[in-house]
Protein chains: 2
Amino acid sequence: MVSTRALLSSVSMVVPAADPLSPEPPLPGPWLERTFAPGAALLAQGDVPTAVYEIRSGWVLLSSFLPDGRRQVVDFCLPGSIIGLQHPPRGTSEQSAQTLTRVAAAALPVSILGSALLTNPLLAIGLAQRVAAGQERARALLVSLGRRTARERVAHLLLDLFVRVRLRVPACAGEEIPLPLTQEHLADAVGLSPKHVNRMLRLLREHGVVALHGRTLRVLDHDRLLDEAGVAEYPVRLARAG
Amino acid sequence: MVSTRALLSSVSMVVPAADPLSPEPPLPGPWLERTFAPGAALLAQGDVPTAVYEIRSGWVLLSSFLPDGRRQVVDFCLPGSIIGLQHPPRGTSEQSAQTLTRVAAAALPVSILGSALLTNPLLAIGLAQRVAAGQERARALLVSLGRRTARERVAHLLLDLFVRVRLRVPACAGEEIPLPLTQEHLADAVGLSPKHVNRMLRLLREHGVVALHGRTLRVLDHDRLLDEAGVAEYPVRLARAG
DNA sequence: CGGGGGGTTGAGCACGGTCAAGGGTAGTGG
DNA sequence: CCACTACCCTTGACCGTGCTCAACCCCCCG
């Protein structure tokens, strides 16, 4: 079994980090500190965001709803994540953001965002980097939903969350992390039914890979987890012509 | 049947555009013009990008490969899209980029990217916006892969591509657009097998929705297409507590 | 004329969804 | 302190969407 530290570096492809093993520094700019209770809505699908948030602590769930109520979780926002930066700039949001825990966030009203960006190049650069990180997470999840089996999907998501929490949440060490999610949240993230997620969790537990009890995730065997998640040395198959 | 112009505005949620009905202006900065033949590789998975590209004309396919060869297309890059902006900044790419047509692109070597960003705030802001647009596309695709049926997925992708080409490629008008893709490309984008994509295309054709012949896509009935894609007025179901 | 890449179609199967029922636990109020 | 309740987790049996395998066709290009 590899060590947690070795795991963190070996799977950097899963969670690209600007500065591995340390939280990202806050972005410069005239931010306002705010806090939210668990279950609070930072943003609703269809609304025009009034502020951009940088998460400082806690978990935020980003999800999209179809007209008939089907939900897809598109991101788990941890400290360092940016919420509310739209395209087009003053357009409506395609996602809802709700807190899963108590959350501390820095807010930048969109009314002053433009001038802040122009006067503070480091803010613009930092935002571009953070959004690029979010795009990377979305694309990694796309690979799972499109081309991995159910079992690989939940293994990969748990590995991803484990690594991200260990990187982003300072107080976390050891093989256990808190995971403030229900199985329904997980199901809506990996595109499965809650029942089937439950089955896959049981398999992973019975095979001694990971155990998810209460609201804590315990990694039992890092090697097995990497294997189950389908993370390996680089796929050297290059892009084919055509 | 709604008009194409009405379609373009009614589905702005599918393809967020900074300035609907007109191509995005080139970003400022010391860009170098380059061209690529069809099938060229701009970037290979696992490599460290040497330049950031802004696509000026043509199609570029962005895809990720699993170790066993499974492929997932994560973006179709059209004029205005940014390629090669990584997170972390000097890290390896998780995707391969290959051209599908002859492509004109503007290149900015990463060696001068940092100074260009610092001296040109509009470049940094523009990059952040373009990356945000790419993130939005990735998240929209996530919703399809996670929560739509096979038929909805291909209808939604065809609608999305139709609208994006009409917005981004100036020479395109009418109900037909060129689509330089094989059914295998479509399959790798929507997470289905090529055979099943073929079946769904047949259904959509038989129902008079869209027809894909040769390398051109023809929209037969815009209303039906919106309906099949599961695009509707806003899902007013708000985020639930917890 | 031959070859190859892509498109088309059908038959059978399996992965994952649906339906149904039960159990554990934490919070709440009597 | 002890129901009561609501939420979440768990498990099993059955079913359907979408995958696999196999064959054939068509068109373009050599």
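Letters A, B, ... mirror the listed sequences (proteins, then strands); counts begin at 1.
Here the side chains of A:Arg218 and A:Leu220 are in contact, with some heavy-atom distance below 4.5 Å.
Within the 4.0 Å cut-off from OP1 or OP2 of C:dT8, at least one side-chain nitrogen or oxygen of B:Gln183 is found.
The interatomic distance linking A:Leu179 (CG) with D:dC9 (P) rounds to 11 Å, in whole Å. The nearest whole Å value for the distance from the CD atom in A:Glu152 to the C1' atom in C:dC15 is 13 Å. Atom P of nucleotide D:dG18 and atom CG of B:Leu145 are separated by 13 Å, given to the nearest angstrom. Atom pair A:Leu181:CG and D:dC9:C1' shows a separation of 15 Å (rounding to whole Å applied). As rounded to whole Å, 14 Å separates atom P of C:dG5 from atom NE2 of B:His185. Between the CZ atom of B:Arg151 and the C1' atom of D:dT17 there is a distance of 13 Å, given to the nearest Å. Rounded to whole angstrom, the span from the CG atom of A:Leu212 across to the P atom of D:dC9 amounts to 8 Å. Remark: P of D:dC15 and NE2 of A:His196 are 18 Å apart, rounded to the nearest angstrom.
With hydrogens and angles left out, the side-chain atoms of A:His156 and A:Arg148 include a donor and acceptor closer than 3.5 Å. If you check the side chains of A:Glu175 and A:His222, you find a donor sitting under 3.5 Å from an acceptor. A donor atom on one side chain and an acceptor atom on the other are not found under 3.5 Å apart for A:Gln95 and A:Gln72.
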Hey, what are the protein-to-nucleotides 22-30 of chain D N/O distances that come in under 3.5 Å?
unit_1 : atom_1 : unit_2   : atom_2 : d
D:dA22 : N6     : B:Lys195 : NZ     : 3.0

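Relative to the side chain of B:Arg215, the nucleotides C:dG17, C:dG7, D:dC19 differ in distance, and C:dG7 lies closest. Nearest nucleotide to the B:Arg199 side chain, out of D:dC19, D:dG12, D:dC9: D:dC19. In this structure, the nucleotide among C:dG16, D:dG12, D:dT10 sitting nearest to the side chain of A:Arg202 is D:dG12. When the nucleotides D:dT11, D:dC19, C:dG16 are ranked by their closest atom to the side chain of A:Asn198, D:dT11 comes out on top. Among the nucleotides C:dG7, D:dT20, C:dG16, the one closest to the side chain of A:Leu192 is C:dG16.
Residue B:Ala107 comes nearest to B:Arg34 through the heavy atom pair CB-CD, 4.4 Å, listed as atom of the first residue, atom of the second, then distance. The two residues A:Arg70 and B:Arg147 make their nearest non-hydrogen contact at NH1-O, 2.8 Å. Shortest non-hydrogen contact noted between B:Leu145 and B:Gly191 is CD2-N, 4.2 Å. Closest approach of A:Pro38 and A:Arg102 over heavy atoms only: CG-N, 3.6 Å. Contact record, B:Ser81 with B:Arg137: OG-NH2, 3.4 Å, taken as the closest heavy-atom pair.
Ionic pairing of B:Arg130 and B:Glu54 is present here: one or more N-O contacts between side-chain nitrogen and carboxylate oxygen are shorter than 4.0 angstrom.
Both A:Arg147 and A:Arg205 lie close to DNA chain D; mapped to their nearest nucleotides by heavy-atom distance, the more 5′-ward contact belongs to A:Arg205.
Contact annotation for B:Gly191: backbone-only contact, meaning every heavy-atom pair under 4.0 Å involves sugar-phosphate atoms and none involves a base.
Overall, the helix from C:dC1-D:dG30 to C:dG30-D:dC1 carries an axis bend of 30° between its ends, with five pairs at each end and the value rounded to 10°.
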